[in-house]
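This report concerns only the one structure given below.
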Amino acid sequence: MRPTGRLHLGHLYGALNNWASLQDEYECYYMVADWHALTTDYANTAAIPSNIREMVIDWLTAGIDPDKCTIFTQSEVIEHAELNLLLGMVTPLGWLFRCPTYKEQLSEIKDKDLHNLGFLGYPVLQAADIMIYKAHAVPVGEDQLPHLELTREIVRRFNNFYGDIFPEPQARLTKSARVPGIDARKMSKSYGNSISIAEDAAVIKQKVQKMFTDPQKIRANDPGHPEGCVVFAFHSIFNPEGKQREVECKNSQIGCVACKAQLVSLMDKAMEPLREKRNSILKDKNLVDDILSAGNKKAKAFAQQTMSEVRKTVLHR
Ligand code: SF4
């Protein structure tokens, strides 16, 4: 995950809850992708250290447990860069230009010049990040499948030249709840429509009040259309009887004011233990540094072993 500072509920329900359950099943490596942050934000790097810290605090808050997995920083394991370079030798440019997110982001992000080698080549670095740990599985959402497919193609091409060094990683598709932003667009800090993990009670209340609802449901007894309503999307996550709300809304059995008030109290209840956990993490000033330093050491040892094998095979030494 790229270090973007404090995380929001989209991260929690889209990725972190899944990561937390995977650590009981697999030997997991969770990486702070600080070099990847540079592919788009190369001109503005001052916030990276504090963004890393805030993000790791949120990982821990969400239940990512350093006793069960390895949490590390990409740039502290320099071997990723070496493998990236070698993979760059075998990756045809056409594969990178065809990558759907490359074209998409070039057309979407207008305030930065992304015509850089680092941006074009970031799927190669991503392949190196995965391959260096000989990963068998990668937790991805549907939108990231083309990237993983590219990694698999790079693995096949590399193994074809140099022998069976790397396993082909399989997608571990995340069945995640879709969490919209309060304005019904995708939840994103840059849209100003997000709710943070362990958000304050007062902020939750304020943001739920602002949530987009069905504009045709003006009075409590108007029949509603919950399918496009953000409050309903959140009820589906936080309310064990969320399904029932669909019926009540359609049949004019509840109004938006009451529906929102109930959501505020459900979300507040769900966030309370996260707030407590986050506060206790914050009390230990060295915790994040200690976790990253142990994780970096462990990741580096694995990566060094892989690279010595790779150097032997590719460079015959
Ligand atoms: Fe949305 Fe609830 Fe209003 Fe229905 S009653 S439109 S679900 S806020």
Closest heavy-atom pair, V208 versus K260, reported as atoms and distance to 0.1 Å, is O-CE, 3.3 Å
Using 0.5 Å steps for rounding, measure from the [atom1] atom of [X] to the [atom2] atom of [Y].
X    : Y    : atom1 : atom2 : answer
R219 : S252 : CZ    : OG    : 11.0 Å
T39  : L117 : OG1   : CG    : 11.5 Å
I109 : S190 : CD1   : OG    : 9.0 Å
K312 : I165 : NZ    : CD1   : 10.5 Å
M211 : F234 : CE    : CZ    : 4.0 Å

With K298 as the cation and Y29 as the aromatic partner, state whether NZ or CZ is under 6.0 Å from the six-membered ring centre and within 45° of the axis. yes
Under 3.5 Å side-chain donor-acceptor pair for [X] and [Y]:
X    : Y    : result
H80  : Y133 : yes
R275 : T61  : no
D34  : S75  : yes
Q74  : D129 : yes

According to a hydrophobic-cluster definition based on side-chain heavy atoms being under 4.5 Å apart (Ile, Leu, Val, Met, Phe, Trp, Tyr only), do L145 and W19 belong together? no
Check step by step if ring-ring contact (aromatic ring centres under 6.0 Å, His included) holds for Y122 and F119. CA-CA 5 Å; Y122 89 82; F119 182 63; 5.7 Å; yes
Going by an N to O cut-off under 4.0 Å, is there a salt bridge joining E76 and K300? no
Salt bridge E25-K68, side-chain N to carboxylate O under 4.0 Å: no
Given E272 and K277, is the salt bridge (charged side-chain N to carboxylate O under 4.0 Å, His left out) satisfied, shown in steps? CA-CA 9 Å; E272 185 52 30; K277 189 157 183 198; over 6 Å; no
